[in-house]
Protein chains: 4
Amino acid sequence: MTGESGKGAGASPARRRGPSPEKTARTRAAIVEAAMAEFLERGYSASTMAGVARRAGIAKGTIYLYFPTKEALFAGIVRDIVTNPLREAEEQEIGPDETVADYFRRTLVPVMRRIESGGRAAVARLILAEGARIPVLAEVYRQDVFLPLIEHIRLHAARAVKRGEAGGEILARHPHLLLAPLWVGMVNNGVIAPQHPVDIGALFEASLSLIFR
Amino acid sequence: MTGESGKGAGASPARRRGPSPEKTARTRAAIVEAAMAEFLERGYSASTMAGVARRAGIAKGTIYLYFPTKEALFAGIVRDIVTNPLREAEEQEIGPDETVADYFRRTLVPVMRRIESGGRAAVARLILAEGARIPVLAEVYRQDVFLPLIEHIRLHAARAVKRGEAGGEILARHPHLLLAPLWVGMVNNGVIAPQHPVDIGALFEASLSLIFR
Amino acid sequence: MTGESGKGAGASPARRRGPSPEKTARTRAAIVEAAMAEFLERGYSASTMAGVARRAGIAKGTIYLYFPTKEALFAGIVRDIVTNPLREAEEQEIGPDETVADYFRRTLVPVMRRIESGGRAAVARLILAEGARIPVLAEVYRQDVFLPLIEHIRLHAARAVKRGEAGGEILARHPHLLLAPLWVGMVNNGVIAPQHPVDIGALFEASLSLIFR
Amino acid sequence: MTGESGKGAGASPARRRGPSPEKTARTRAAIVEAAMAEFLERGYSASTMAGVARRAGIAKGTIYLYFPTKEALFAGIVRDIVTNPLREAEEQEIGPDETVADYFRRTLVPVMRRIESGGRAAVARLILAEGARIPVLAEVYRQDVFLPLIEHIRLHAARAVKRGEAGGEILARHPHLLLAPLWVGMVNNGVIAPQHPVDIGALFEASLSLIFR
DNA sequence: GATGAATGAGGATTCATTCAT
DNA sequence: AATGAATGAATCCTCATTCAT
């Protein structure tokens with residue numbers, strides 16, 4: 001609930017003194033967006049309030065009208081960043097005759113391929129970096145992204161077992177295996193060896209083939 | 001050997017005046033240990049040289065006799081923690097009748113099981129966190145750990161192919177796959193969900209079984 | 001304009017929020033004055049930003065709002081002190097019937113006589129002292145003071161030659177000769193023998209008489 | 001009396017424990033030489049005891065066996081540096097039929113031409129730089145170099161007056177004038193415009209010609 | 001005498017935060 | 001609500017000086 005854009009959508013005809021609510025909302029949005037970019041690009045410590053303000057095109061002091069401290073700004077922003085990019089994939093239904101392998105291939109591969117654009121690796125880095133010190137960060141990520149995804153995998157693994165599809169057993173026991181290629185890929189491409197990126201999609205498909213024979 | 005003073009590894013028999021070599025070795029060790037703790041606990045940016053000195057029970061300036069900058073200290077620590085354990089595994093020879101799968105099982109599983117003790121996961125977190133902004137970090141890790149390991153895997157994958165062992169092909173094409181369980185595990189256990197740790201060793205064995213049928 | 005923030009010389013009619021322009025101008029002036037005193041009194045290296053701030057009655061950080069580095073502050077101060085007084089002399093026109101000797105006597109002697117008040121000699125000392133190590137210093141002095149003055153002298157020497165006034169030739173060949181009394185004087189009075197000051201003005205006039213017979 | 005090389009030249013047959021006096025003298029000389037180079041090259045503040053030690057090929061601590069503080073080292077060294085380079089010239093007798101102008105031309109011009117080699121400009125800079133803060137510096141220079149030279153000039157100017165040689169009067173009144181070209185030259189060539197050096201010898205000769213018609 | 005590791009005060013610079021306008 | 005000048009604590013790093021060996 002960080003990005004709420006106003007106090008009731010209805011046209012409140014009672015004009016208020018001072019800036020309009022829309023203006024305020026716009027300012028807030030500018031801060032959020034600027035902070036997002038700043039934190040993703042530089043990490044928490046290396047980001048400066050001045051930098052955020054500059055990016056947002058406002059004065060330093062203004063930020064403090066919306067967020068009491070740098071840490072509060074960070075925590076607020078993170079919630080916005082860490083919306084589950086996989087939710088869409090999770091919400092897709094499996095077809096009646098579709099194997100679990102095919103289902104994962106159909107719904108997850110495209111997401112994996114897109115995972116690196118939009119600074120997803122940067123987000124991962126952010127969470128890994130500050131997660132231990134700013135617990136809310138890891139917390140949000142775990143609750144909104146990680147656990148649901150693991151649960152999703154476990155669920156369909158159970159289905160595969162029930163249907164007698166090969167690979168169900170192992171995935172049911174080790175649902176993390178399905179995510180493994182994603183992390184090696186993000187780590188490799190984002191930090192360790194950006195010069196020699198691996199194809200996360202291909203890695204994922206290879207892994208999928210292995211699991212489901 | 002990046003950025004350390006490194007007083008010559010050879011035993012120079014030239015009599016030293018002043019403090020004994022043991023003393024300096026002890027000082028150096030104290031710095032390394034203190035820095036390790038500090039960086040692991042707080043991350044790079046939030047750590048201070050003063051804090052390291054305090055922990056080590058020495059003066060601020062003393063650190064600079066051993067490491068020219070904070071960055072060099074960081075890189076030095078990372079190397080110390082991360083490099084050695086894997087090298088040991090890589091140096092083991094494969095037996096004449098041993099399958100590649102067995103070889104990996106024999107040499108790598110123990111390492112994987114030990115990977116989390118001694119703050120290995122924490123170091124990984126550090127590298128991911130700061131690697132993008134402190135290039136020397138990712139550099140050290142890439143050169144000393146990552147690439148050698150990938151090469152090691154590729155080499156034995158080729159051997160598996162030559163011997164007609166199943167799984168060789170896919171591993172030769174995607175050597176990163178073998179490391180994938182390690183990373184999900186470290187990420188999961190170290191940051192995202194330390195309350196629900198996965199068994200990295202088991203994950204790795206499962207993955208190995210999948211790859212080599 | 002090297003290294004100063006320079007908030008736009010044009011009168012931007014855009015209403016300012018926050019502190020008034022007068023206030024900032026006053027702050028800036030306080031910094032300049034304090035820095036001047038500090039540098040003249042202690043030299044560059046021995047001066048501290050904290051000392052300047054204390055003298056100016058402001059916080060350390062405030063200085064950095066106006067000058068990005070200690071070096072820039074130094075260069076800025078030097079320019080302020082040194083540049084203007086000679087420009088005034090150079091801008092004066094020579095009269096149609098005025099000999100070059102008279103022109104120099106009329107325009108330069110007063111400047112020479114005033115050269116020691118306002119810490120001019122101290123500045124010269126600063127430039128000589130630090131010029132070799134802080135190149136921007138010598139640079140500023142050379143570009144803003146020295147070369148223009150030499151050029152000015154050369155120009156009028158040429159005029160003297162054309163008019164057949166005695167001394168033109170030698171001055172055209174050695175324009176530095178005209179400045180020589182100034183430097184002996186500053187050096188003698190400022191450092192070597194302040195107890196036995198020489199009269200720079202008199203020295204200059206004597207030199208002028210010699211050159212122009 | 002800074003460079004004295006031992007305790008009595010006679011062969012004291014009583015062998016002493018520890019290093020020989022010659023060794024000590026050599027160490028001291030090495031320090032002096034190194035410090036000289038260091039101070040001339042970098043100035044006082046920018047010079048470091050470590051740098052001096054490195055240059056001298058000894059340990060930092062050793063310097064303190066010979067000079068109690070950095071300042072003492074500086075002051076000691078300066079005396080060695082500031083030996084009058086003109087003493088030789090001053091000691092030459094004027095010939096019975098030689099004009100004062102010729103005498104100066106004969107004895108001073110060669111010195112002037114040599115004045116820039118051997119870091120003379122650097123010495124001047126050193127004295128100007130620190131003279132105000134370390135009074136002994138200017139003091140030594142004044143007593144050993146400056147005043148004797150001025151006196152020397154004044155003396156011969158008086159002689160020129162007595163003999164009715166032109167220029168005597170003005171030089172008697174303004175002896176500094178004779179040194180003026182030297183200072184402009186050193187200042188110009190050493191700091192302000194090393195790229196456009198003036199020929200100090202030529203400048204001096206021109207000045208001499210002017211003074212003595 | 002000689003060494004060089006150790007010390008710690010001190011200095012330039014940054015930046016989150018405040019507050020008068 | 002918005003501004004941005006001002007603050008000063010905090011940080012990295014340097015270097016004269018000491019002293020155990």
Side-chain angles (χ1 to χ4, degrees), chain A residues 16-21 23-24 27-28 45-53 58-66 68-71 73, chain B residues 7 15-21 23-24 26-28 45-53 58-71 73, chain C residues 5 7 15-21 23-24 26-28 45-53 58-71 73, chain D residues 16-21 23-24 27 45-53 58-66 68-71 73:
Chain A
R16 309 249 235 101
R17 294 285 194 137
S20 67
K23 176 82 180 306
T24 320
T27 302
R28 192 198 164 86
S45 296
S47 292
T48 67
M49 297 299 263
V52 172
I58 59 169
K60 257 179 303 174
T62 305
I63 301 178
Y64 287 88
L65 298 174
Y66 294 85
T69 63
K70 187 188 178 186
E71 200 166 306
L73 173 60
Chain B
K7 314 243 117 176
R15 291 272 244 69
R16 298 257 228 122
R17 306 290 188 96
S20 68
K23 177 79 184 306
T24 67
R26 238 180 305 129
T27 303
R28 195 200 158 83
S45 300
S47 293
T48 69
M49 295 301 261
V52 172
I58 57 170
K60 261 179 301 170
T62 304
I63 302 178
Y64 290 90
L65 296 177
Y66 295 85
F67 299 90
T69 63
K70 184 186 178 187
E71 217 172 276
L73 174 59
Chain C
S5 35
K7 315 244 116 176
R15 290 272 242 71
R16 299 257 228 123
R17 307 289 187 98
S20 69
K23 177 80 183 307
T24 68
R26 238 180 305 130
T27 302
R28 194 200 159 84
S45 300
S47 293
T48 68
M49 296 301 261
V52 173
I58 59 171
K60 261 179 300 170
T62 304
I63 301 177
Y64 289 89
L65 295 176
Y66 295 84
F67 299 90
T69 63
K70 185 186 178 187
E71 213 171 280
L73 173 59
Chain D
R16 307 248 238 102
R17 295 282 192 140
S20 66
K23 175 84 181 305
T24 321
T27 302
S45 296
S47 292
T48 67
M49 297 300 265
V52 173
I58 58 169
K60 258 180 301 174
T62 305
I63 302 178
Y64 288 87
L65 298 174
Y66 295 86
T69 64
K70 185 187 180 188
E71 201 166 304
L73 173 60

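Below, each value reflects all heavy atoms present in this structure, side chains not excepted, and no hydrogens, waters or symmetry copies. Here is the naming used below: chain letters follow the sequence lines, and residue numbers restart at 1 for every chain.
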Protein-nucleotide distance ([X], atom [atom1]; [N], atom [atom2]), rounded to Å:
{"X": "D:I63", "N": "F:dC15", "atom1": "CD1", "atom2": "C1'", "result": "12 Å"}
{"X": "D:E71", "N": "F:dC15", "atom1": "CD", "atom2": "P", "result": "17 Å"}
{"X": "D:L73", "N": "F:dC15", "atom1": "CG", "atom2": "P", "result": "16 Å"}

Please tell me if [X] has a side-chain N or O lying less than 4.0 Å from either OP1 or OP2 of [N].
{"X": "D:Y64", "N": "F:dC19", "result": "no"}
{"X": "A:T27", "N": "F:dA1", "result": "no"}
{"X": "D:Y66", "N": "E:dA2", "result": "yes"}
{"X": "A:T69", "N": "E:dT17", "result": "no"}

* Asked: After noting the C-alpha distance and the side-chain angles of C:F67 and C:M49, does the key distance pass the side chain to side chain contact (heavy atoms under 4.5 Å, CB included) rule?
  -> CA-CA 11 Å; C:F67 299 90; C:M49 296 301 261; 5.9 Å; no

* Taking the C1' atom of each, how far is F:dT21 from E:dG1, in whole Å? ->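 These two C1' atoms come out 13 Å apart once rounded.
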
* Structure fact -> Nearest heavy-atom approach of A:Y66 to A:T27 is OH-CB, 3.5 Å

* Asked: Which pair of heavy atoms, one from C:K60 and one from C:A50, lies closest together, and at what distance?
  ->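 Answer, listing the atom of C:K60 first, then C:A50: CG-CA, 3.9 Å.
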
* What's the closest nucleotide to the A:L65 side chain, out of E:dA6, F:dA1, F:dA6? ->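 Ranking E:dA6, F:dA1, F:dA6 by closest atom to the A:L65 side chain puts F:dA1 first.
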
* Decide yes or no on side chain to side chain contact (heavy atoms under 4.5 Å, CB included) for B:T69 and B:Y64, but give the supporting numbers first. => CA-CA 7 Å; B:T69 63; B:Y64 290 90; 5.5 Å; no

* Pairing annotation in dot-bracket form, given for DNA chain F with Watson-Crick or G-U pairs under 3.5 Å and | for cross-strand partners -> .||||||||||||||||||||

Short N/O separations, protein against nucleotides 8-11 of chain E, under 3.5 angstrom:
unit_1	atom_1	unit_2	atom_2	d
E:dG10	O6	B:K60	NZ	3.0

* How long is the span from the CD1 atom in A:I63 to the CD1 atom in A:I58, to the nearest 0.5 Å? -> 5.0 Å

* Distance-only, no hydrogens or angles: does the D:K70 side chain make a donor-acceptor pair with backbone N or O of D:S47 under 3.5 Å? ->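 Pair found, side chain donor or acceptor close to backbone of D:S47.
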
* Please identify each residue that fulfils side-chain contact (heavy atoms from CB on, under 4.5 Å) with D:A59, with sequence neighbours left out. => D:T62

